[in-house]
Structures are given as structure tokens and as C-alpha cells.
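Residue numbers start from 1 in every chain, and the chains themselves are labelled A, B, ... in the order their sequence lines are given, proteins ahead of strands.
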Protein chains: 2
Amino acid sequence: MTKPPTRIQKRNRAAILTAGLDVFSQFGFRGSTLDQIAAAAGLSKPNLLYYFPSKDAIYTALLERLLETWLAPLHQMDKDGDPVAEIVGYARRKLDMSRDYPRESRLFANEIVQGAPHIANHLSGELRVLVEEKAAIIKGWSKAGQIADVDPHHLIFSIWALTQHYADFDVQVRAVLDTDDPFAGAGPFLDHVMRSILRP
Amino acid sequence: MTKPPTRIQKRNRAAILTAGLDVFSQFGFRGSTLDQIAAAAGLSKPNLLYYFPSKDAIYTALLERLLETWLAPLHQMDKDGDPVAEIVGYARRKLDMSRDYPRESRLFANEIVQGAPHIANHLSGELRVLVEEKAAIIKGWSKAGQIADVDPHHLIFSIWALTQHYADFDVQVRAVLDTDDPFAGAGPFLDHVMRSILRP
DNA sequence: TCTTTGTTTGACCAACTGGTCAAATCAACG
DNA sequence: CGTTGATTTGACCAGTTGGTCAAACAAAGA
């Protein structure tokens, strides 16, 4: 018997989630306050709690909505495609996500570094299953001699690490680099890395 | 006219720093409380503040003491050594640090992900200078044809990313992997990656 | 218009936080 | 032992935090 959300509900819920993404990705869960989020969303704190029952609820809503977006690039990896192209393509899409959704990346980074207290079950659930499936595909390519014999799990980790690094450690990258666009150099480099390690 | 620290001072300061490392690396700066740290150090909160003037002081003391340890592996890279061996060796040492000092790695990760508010100056100072120096060496090796023509900055980033990933995203790695020791597979994989991308 | 339902807010609260302070306790040395 | 300085603590404080609530306010249909 849940009623359909009104226009105002849609607008305010969206505003809160956007504000939450901004704040949580910058300060982590405990480092963020409801006042900050409310201010960023242009609402009063009680009004914010009219739409979400608690701080935790906003945070987990964000994380769960994000998980699918985050796994999409890996889902796309096609066992019937060209092995190198599929893997390089995945890495490429992941790098694009770091460029286009750095806040989302940092939100995840914050959560995982601190032990993933809110999404531990998703990690050993959906994520694990998906990785297992794709790792098997990669293993098959290796055995068929289409790519080098690399450990598929560590290959996937390396793609995560190499791409998310640019979003998660953005300040460090920018402190070291002169460029105002670190991704300009990151793209070709990532391409080189992936092709090199996959060459049979 | 600063007096030498007593036995008790040494012990308690060390205990506080260890406790601080434990707590800060798990919850970040804002997510950690003095009570937590005091409890972990086996001291009362006022006693803790007898040795350090503030929460901030403990945190920055930790970070600065850590920075040198953290940069040591890169310092060791020798321009007169064998190029591939030097770079692979650096990556190896960095991976060892992630294995042996995961809390330190996470402390840094927490700080950097949240914009490095406490050590921004160190990043654009010491770190930047060191990276610049080593990048020049790597560039030289590339030009001499001793290694492939890779962007030295992104090469260094890739080593940071690939090694720290195992410490910083430990829960994720363990959720996906079956092994109880992710580093067992990480070592050989990292070796393969580095040698592949450096092959001229 | 009235009424019902959805929305917003000011005032408030209890728990927690970083930090202070005076007084108590301890250690060491003459 | 007594004294001096180092160490420890209970009580306390002001500011912040997540969250509540009744009352005020808007929207919209009858």
C-alpha cells in the first residue's frame, strides 16, 4: 500500500542524495554531519529527516544505488568478444568512470578503506559472484593461449587499482603532476600496461 | 632547554602513537575519538592529553613520522643500477610495505582520499621533489633504450596503485579471493606486470 | 470554501566530543 | 624519611551531533 512519490518527494529525495554524495565522499560517513548535508541540499535538518529516517539510511541508499553503476563496466565484459579488446575495453570504461564519477569512487574508497562496515555482505555476495564469473572467462582465454597466463583475480584487481587511483588519490596525483588533466596521460599509459601484460 | 624524556614518557608516547595508528587507520581522523585512542593505549583521556596537546597533534605526529618510512623505498631507487631491476625492486619493496604495514597504508589512504587536509604541503613539497628526481632517472633509462618508453610519472603511480591496493582495499580483496594470503599471488603478478610494461 | 493530506520548521533533547583543571598520587633522589 | 617534580585522574565544561515533536504551513481535491 505504498503511495507513489509526489513531485516534491522526487525532487527532495534526489537533492538529498546528491548532497549526501558530495559530503560523504569528501568526509566519509562519520566525518559528515546531517547539518552539512541538509545545507548542501538546501533543506533544514528536520526536513531532511522527513525524507530519510536517519543519516545511516541516506548513506546506505547511496551505496546500494551506486553498486550497480559501479559493477556495470565489468558486467559488459563479453566472453565471446576479442579477449584483449574486452579486457582493455573494461579497463578503459573503468578509467572513464573514475574521470566522470570521482565522488562515487571516493565514496566507495572511504567505505572500503574503513573496512566496508555497511556493505560487507555485498562484497562477498554480488561482487564476489560477478568477479568469479568473469575470472573464469579470463582463465579460459589464458588456457586457449589468446592472452598471457596471468592470474585473473589479480588482473581484475590491477584494473581496479590503476583506474580508481586517479579518482581516489586525486590530490596526490595533482600535487605530483603539473598537468591540470591527469587523465590525459593516464589513458594511453593504461592501454600500454594492459596490452603489455596480456601479450602471450 | 628541553629535558630528555623519561622512561615513562617514552613508553606512553609510543603507546599513544601505536594506539592512534590503530584507531585512525580504521576510522579516519574525524571518525576517531580520543576516548577510543586512550582506551587502546591503556590510558585515561586526560592522561593522554598530558602527552599530546590535542587530537590533531597525535594525528600529525603519526603522519609526519610515517612520511619518511613511506618514501624510503623510492629513495632507494638507484640511477646507476640495472633499470628493470631497480624498478621491479622498488615495486617489490612497496608491496612488502603494504603487507607489513597495512595500517600505515590505510592511514595514508584515509588522509589522501579526504583531500589530504593535514599534509597537502608535504605532497607538493618533499613528495613532489622526490618523484620529480626519480622520474627524470626513469626518463633517462627510456631515452637510452634500456626500458620501454613509458611515462615515468604514471609508471610511479601504477606502482603505488598496484601495491597499496592490497592494503587499502584489503576487505574487498579478501571478500573476492578465497586465499587467506592475497600477497602470495600478488607478488608474482606484480613482477609480471612490471617486467611486461618495461620490456623495450 | 473547507478539509485532508503532505510538507516544513523552531525549539528542544540526550549523548558524545575535544579539551581543561585542580587535586591526588607516584617516583626518584638527596 | 621528606621533598620535588612527574604522572594520573575525577569532575567538569562548552560545543556539536543525530534525532524528536508539536505546531505551523502549503496543496489540492471535494
Side-chain angles (χ1 to χ4, degrees), chain A residues 1-64 107 110-111 114 117-118, chain B residues 1-64 107 110-111 114 117-118:
Chain A
M1 268 310 187
T2 42
K3 293 176 181 168
T6 69
R7 229 171 33 255
I8 296 178
Q9 277 170 9
K10 270 188 196 161
R11 169 170 50 84
N12 282 347
R13 278 179 177 274
I16 291 169
L17 287 177
T18 302
L21 179 59
D22 261 331
V23 176
F24 281 132
S25 69
Q26 208 179 340
F27 304 109
F29 178 70
R30 290 209 49 184
S32 305
T33 72
L34 286 179
D35 284 303
Q36 277 179 296
I37 298 170
L43 299 172
S44 66
K45 188 169 62 172
N47 198 9
L48 186 148
L49 288 165
Y50 172 72
Y51 291 99
F52 286 87
S54 67
K55 180 185 177 183
D56 218 280
I58 303 174
Y59 187 69
T60 51
L62 266 173
L63 276 183
E64 295 191 359
L107 184 70
N110 261 307
E111 169 71 8
Q114 302 194 3
H118 295 81
Chain B
M1 268 309 188
T2 41
K3 295 179 181 167
T6 69
R7 229 170 36 256
I8 294 177
Q9 277 170 8
K10 271 188 196 162
R11 169 169 51 84
N12 282 348
R13 278 180 177 273
I16 291 168
L17 287 177
T18 302
L21 179 58
D22 261 333
V23 176
F24 282 133
S25 68
Q26 208 179 341
F27 304 108
F29 179 70
R30 289 206 51 182
S32 304
T33 72
L34 286 179
D35 284 304
Q36 277 179 296
I37 299 170
L43 300 173
S44 66
K45 188 170 62 172
N47 199 182
L48 186 148
L49 288 165
Y50 172 73
Y51 291 100
F52 286 87
S54 67
K55 180 184 178 183
D56 220 279
I58 303 174
Y59 187 70
T60 51
L62 266 173
L63 275 183
E64 295 191 359
L107 184 71
N110 261 308
E111 169 71 8
Q114 302 195 4
H118 296 81

Engineer: So, does B:Y50 get its side chain near the phosphate of D:dT9, meaning an N or O under 4.0 Å from OP1 or OP2?
Structural biologist: no

Engineer: Write down the distance between CZ (A:R11) and C1' (C:dT7), rounded to a whole number of angstrom.
Structural biologist: 10 Å

Engineer: Find the distance A:Y51:OH to C:dG6:P and express it as a whole number of Å.
Structural biologist: 11 Å

Engineer: Does a nitrogen or oxygen in the side chain of B:N12 sit under 4.0 Å from OP1 or OP2 of D:dT8?
Structural biologist: yes

Engineer: Are OP1 or OP2 of D:dA6 and a side-chain N or O of B:Q9 less than 4.0 angstrom apart?
Structural biologist: no

Engineer: Would you say B:I58 and B:F24 make side-chain contact, with heavy atoms under 4.5 Å?
Structural biologist: yes

Engineer: Identify the two heavy atoms, one from A:A61 and one from A:L17, that lie closest to each other, and give their separation to 0.1 Å.
Structural biologist: CB-CD2, 4.2 Å

Engineer: Please enumerate all protein N or O atoms sitting under 3.5 Å from an N or O of nucleotides 22-30 of chain C, with distances to 0.1 Å.
Structural biologist:
residue	atom	partner	partner atom	Å
C:dA28	OP1	B:R7	NH2	2.9

Engineer: Name every residue in residues 52-60 of chain B that has at least one heavy atom under 4.0 Å from any atom of DNA chain C, in order of residue number, or write none if there are no such residues.
Structural biologist: B:S54, B:K55

Engineer: Would one find a side-chain N or O of A:N47 under 4.0 angstrom from OP1 or OP2 of C:dT7?
Structural biologist: no

Engineer: Using a heavy-atom distance cut-off of less than 4.0 Å, which residues of residues 22-42 of chain A contact DNA chain D?
Structural biologist: A:S32, A:T33, A:L34

Engineer: Just N and O in the side chain of A:S44: are any of them under 4.0 Å from OP1 or OP2 of C:dT9?
Structural biologist: yes

Engineer: Could you grab the distance from atom CD of B:Q26 to atom CG of B:L21, nearest 0.5 Å is fine?
Structural biologist: 11.0 Å

